[in-house]
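Here is how names work: the chains are called A, B, and so on, in the same order as the sequence lines, proteins then strands, and each is numbered from 1.
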There are 4 protein chains.
Amino acid sequence: MTNEAAKASRKSAPKPAHRRARARASTDLAPSRSKLPSNRAERAAERRGAIIEAAMDEFIARGFAATRLDDIAKRAGVAKGTIYLHFKDKESMFEELIRTAIVPLVIRLSSTPPAPGASVRDMVEAFARTFIAEVASTRRGDLIRLIVAEGPRFPAVADFYYREVITRGLAGMRAMIELGIARGEIKQKKLAQFPQILVAPALIAVIWQSLFSKHAPLDAIAMFRVHLDLIFGERRTA
Amino acid sequence: MTNEAAKASRKSAPKPAHRRARARASTDLAPSRSKLPSNRAERAAERRGAIIEAAMDEFIARGFAATRLDDIAKRAGVAKGTIYLHFKDKESMFEELIRTAIVPLVIRLSSTPPAPGASVRDMVEAFARTFIAEVASTRRGDLIRLIVAEGPRFPAVADFYYREVITRGLAGMRAMIELGIARGEIKQKKLAQFPQILVAPALIAVIWQSLFSKHAPLDAIAMFRVHLDLIFGERRTA
Amino acid sequence: MTNEAAKASRKSAPKPAHRRARARASTDLAPSRSKLPSNRAERAAERRGAIIEAAMDEFIARGFAATRLDDIAKRAGVAKGTIYLHFKDKESMFEELIRTAIVPLVIRLSSTPPAPGASVRDMVEAFARTFIAEVASTRRGDLIRLIVAEGPRFPAVADFYYREVITRGLAGMRAMIELGIARGEIKQKKLAQFPQILVAPALIAVIWQSLFSKHAPLDAIAMFRVHLDLIFGERRTA
Amino acid sequence: MTNEAAKASRKSAPKPAHRRARARASTDLAPSRSKLPSNRAERAAERRGAIIEAAMDEFIARGFAATRLDDIAKRAGVAKGTIYLHFKDKESMFEELIRTAIVPLVIRLSSTPPAPGASVRDMVEAFARTFIAEVASTRRGDLIRLIVAEGPRFPAVADFYYREVITRGLAGMRAMIELGIARGEIKQKKLAQFPQILVAPALIAVIWQSLFSKHAPLDAIAMFRVHLDLIFGERRTA
DNA sequence: CATGAATGAGGTTTCATTCAT
DNA sequence: CATGAATGAAACCTCATTCAT
């Protein structure tokens, strides 16, 4: 008997997209003639997007090695050969994919509005809220688990992730911590040496979500607040 | 073209064992007859052990799907068919394997000597030291990453891990925290609701080790101490 | 050591077909577009046919279990994987195959021209002649032996054969016998209860052909005539 | 999906015999010492018998290629290696087996008591009764089907069967027919040229039993009587 | 550009046969 | 003699990749 669960989910997986909504109606004024090439490029980009979307789902669901290009193609609503018009092979598709997906994630997270008169704690908490809402409980969280899972086998992915996410993220956290220390909100000065501690519960939440949410739910935000209490001192009024 | 990295490491992988005989000095007086079954069983157990050992290495290095039974066999120094004398198929080998490996890990960690007159902080720190030394910086850490990676595809594994490690571990942590609160060492009473926070940096260390140790080393113990300072208050004398 | 005989014949087996193209003169006026699907479908049907043909030969020569898909592929002039584009697996290939092959056999036999003023004996004899010429001494006879051989292991095949061949055939024979009785050509009224008796020598001939033709030839038609003499009475003029 | 029926029956197949009843209590007067070697030979013969018995069952149930020595060993209650003490390999086991099983079958059938004042018809009918009772409705019938199935792949088996069964059987039938002709019981003189006709319905019965008994039962004896009526003329009193 | 039929290397699993115990 | 663990050659089947249409 083979993995029943895997088998079961394999069947239910491909939900072909079949050319999703030719979308926004090209508002440019160019004559209809010139629209053709435009449409071409547009369509190509759309297809590429559909492939990436589909591939993400499949890779998250099965991991790199167990994912079949056939399923990606079906789910994306394209032919198998079409994938090779956009990507060199399965491996570089995976790597490009991660890059493509990470960037908006980083943008999304690093663009938390600074909030003028806020305390550092509020800023960190706002950030955590965003992270938990937008990452931990969505497919983006699985993406992080995917990177943890496949990273060692894809140095390029690990490198990229380290460069784009880890260093930036830790730098941002460190800045926050130092600001907190400067403002007197944070007592523990050594925390600046290990900004990882600040985000540790967030990672825990991501992993818990993927693996154990069906065994026991985890209120990630409540957990994070307790964590912040440790760092900033208990809140006077809760 | 397949995974270049995988290909490269694949070659260096199989280090045949061929640790035959061991022929123990058989000084006992038992009749020669009784030696046969003993040796048989012993050899069988040895082989099974070698297979498990080899499989663990391969699965950690490549993940479930990308691991070849051929390589496991080579590394264990047995023929491919021999694997099937000990395990039903690749999948159940993987699951049994995780079980087999988790148990001693749990035992190792849960048997930290209670240390009579120690403070809770000392106890937690001792535990963390053990964990970091025995898990985070060894192959056992990769095992945890493997479970995180494959868990969603192997519900049996996730279930087992949740039951044997997570619930037990969290219960233990919660007990510690409550003791700390009772003794006045820990101020934050809500921490008992989220024992995950206590171990979060340890998990961070495990993952960092697997993915980013070559990008930047992480002094897990120092990090953990800072974390403990947050929980127990900064140490008077460091 | 494996079956020597099988080994010997195994080598001579694969006679690749490579009957590509056929390139039909395409004199039609249809737009070039419509040719594509037509050619595609045609080619696919051709390939499927070649596989079935090859598989039939191999299965007849070695039986189900001992037949290798590799040999079928070689003989059909296709790659191993191509077989799986047409059939789910070896087993369903076998079953489909039997179905595919039985139908024309039934059609061939059931389409014996009624012959207006003929006696029942003449009709039966004509039928027997057809059967012996078109089945007993051709590969179709081996097909029947194959069904006898594998039937118990493939209930679906036995069911199909019973439904499509046995019941129809016996019904036809019974109708003949009853006509013979009505016309006074056949005396033995109980024969209608066992139409099997009518065809028994034909089956004997099929089996003899497969197994003992090299030990001693069997004049199936002469045998059948003697059998008919038993049923209809000896012929006045021979 | 693989052959469900085959899978199902595979599990239920091996019913270990485990040294069936050391049987008859060696009535010889020799001292207990000499019994040992005697027992040895006896035991060896017993084991060989058990293996043959088990092998027959398995080969009949699955055919040569699909039968596993493992199952034969289990069913016979011996170790796999033991089979190789009695037979060179799977193939020669199969051939020896057929020989071993055919001989008693021939003896059983050729030893029908001559019945002093009986008519030829009575003799033939008695023979048919025996055949149908002892062969067609027992495992021996399946043995014949097995020979039909595997014969082309085992020339040695086909040769042996032709020599030991077919020629003898046909010779016997021919003698009967000639006696019937001489006594005026049989009109059709040409029947002596094709004694196969005499036994054809018996073979039909054997095959029907194996393949279609579950679709529709066949009263082999009644059928045979109708067949005899064709040959000897309808019976005056039924 | 897009397709999807075709390929064939490679992976898992089975099983006849051997041989140390 | 008997055992059954071990072997490793095949067998079935999958799936990344190519390429004619």
Within this structure, what is the NZ-to-P distance between D:K74 and F:dA5, rounded to whole angstrom?
11 Å
Rounded to whole Å, CD of B:E46 lies from P of F:dA6 at a distance of 11 Å
Please give, in whole Å, the distance from E:dG4 P to C:E42 CD?
19 Å
Going by the salt bridge (Lys or Arg N to Asp or Glu O under 4.0 Å) test, name the single residue among C:E96, C:E53, C:E42 that passes it with C:R48.
C:E96
N/O (side chain, A:T82) to phosphate O (OP1/OP2, E:dT3) under 4.0 Å
yes
Look at C:H86 and E:dA6 and indicate whether a side-chain polar atom (N or O) is within less than 4.0 Å of OP1 or OP2.
yes
Given E:dT21, E:dT12, E:dT7, which nucleotide is nearest the side-chain atoms of B:L69?
E:dT12
So, C:E150 and C:R153, do they make that salt bridge, N to O below 4.0 Å?
yes
Choose from F:dA16, E:dC15, F:dT3 the nucleotide whose nearest atom is closest to any side-chain atom of D:R68.
E:dC15
So do the side chains of C:L69 and C:M93 get within less than 4.5 Å of each other, counting heavy atoms only?
yes
Can you label the angle between the A:F59 ring and the A:F94 ring as parallel, tilted or perpendicular, going by 30° and 60°?
perpendicular
N/O (side chain, B:K80) to phosphate O (OP1/OP2, F:dG8) under 4.0 Å
no
Residue mapping more 5' on DNA chain F - nearest nucleotide basis, B:L85 or C:K90
B:L85
In this structure, how many angstroms lie between the C1' atom of F:dA16 and the CZ atom of A:F59, rounded?
11 Å
A:A65 versus B:A65, closest heavy-atom pair with distance:
CB-CB, 3.6 Å
Of C:A79 and B:A65, the one whose closest DNA chain E nucleotide lies more 5'
C:A79
Whether B:R47 contacts F:dA5 is assessed here as follows: a side-chain N or O lying under 4.0 Å from the phosphate OP1 or OP2. Is that the case?
no
Taking all non-hydrogen atoms of both residues, which atom of D:I51 and which atom of D:I83 are closest, and how far apart?
CD1-CA, 4.1 Å
Using atom CD of C:E91 as one end and atom C1' of F:dC13 as the other, report the distance to the nearest whole Å.
14 Å
Per-nucleotide pairing state of DNA chain E [Watson-Crick or G-U, under 3.5 Å; [ ] pseudoknot-crossing; | other strand]
.||||||||||||||||||||
Specify the closest pair of heavy atoms between B:K90 and B:T67, including all atoms of both residues, with the distance to one decimal.
NZ-O, 2.9 Å
Could you give the CG-to-P distance, from D:D70 to E:dT17, as a whole number of Å?
13 Å
Length of the NZ-P vector between A:K88 and F:dT17, whole Å:
8 Å
B:Y84 OH to E:dA16 P, in whole Å, measures 17 Å
